[in-house]
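Have a look at the structure below, then the notes.
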Amino acid sequence: MMYGYGSSAWGVGGWIIMAILMVVFWATVVTAIALIFRRRVQPRMTPDSRARSHGSALQILSERFARGEIDEAEYRARRATLHDVE
């Protein structure tokens, strides 16, 4: 038997293919875990969460008005739009 470089039945090409397949395998495992984790962590929109986001929108609008980023007319128009959404 010959031991050493290139003595296996697969040759150098086989080692390259195995290395590529190993990278593909682990990339698939990591992607699957990330997708499972994302689905479990991702918040779902419920009526309660919509109400909270609506409240936070009014809060952000009020903060922008308080900082002077928007004028009173724009504040009232946007506030009326947010109240129409309810």
Side-chain angles (χ1 to χ4, degrees):
M1 279 196 217
M2 293 179 52
Y3 295 102
Y5 182 75
S7 64
S8 72
W10 284 44
V12 176
W15 287 103
I16 293 172
I17 290 172
M18 282 194 307
I20 291 171
L21 288 176
M22 175 93 47
V23 170
V24 169
F25 170 77
W26 285 112
T28 304
V29 169
V30 169
T31 302
I33 291 171
L35 289 174
I36 291 169
F37 183 72
R38 181 186 290 174
R39 280 202 179 133
R40 290 181 184 237
V41 172
Q42 189 175 32
R44 292 178 175 85
M45 289 298 284
T46 61
D48 184 44
S49 64
R50 287 188 193 123
R52 276 185 275 149
S53 68
H54 178 72
S56 64
L58 282 174
Q59 182 180 4
I60 292 170
L61 183 64
S62 297
E63 289 172 0
R64 287 186 64 200
F65 179 63
R67 285 193 299 259
E69 293 178 8
I70 57 175
D71 62 351
E72 185 177 355
E74 185 175 359
Y75 171 75
R76 289 185 188 274
R78 290 180 184 224
R79 188 164 187 233
T81 302
L82 286 173
H83 281 293
D84 287 342
V85 171
E86 288 184 305

Nearest non-hydrogen partners of Arg79 and Leu61, listed with the distance: N-CD2, 3.5 Å
Those residues that, when tested against Glu72, pass salt bridge (Lys or Arg N to Asp or Glu O under 4.0 Å) (two or more places apart): Arg76
Under 4.5 Å side-chain linkage, directly or through intermediates, the cluster mates of Val29: Met22, Phe25, Trp26, Ile33
Rounded distance (nearest 0.5 Å) linking atom CG of Leu21 with atom CD1 of Ile16: 12.0 Å
Set of side chain to side chain donor-acceptor pair (under 3.5 Å) partners for Glu69, sequence neighbours left out: Arg64, Arg67
Minimum-distance pair of heavy atoms, taken over all atoms of Phe65 and Ile70: CD1-O, 3.6 Å
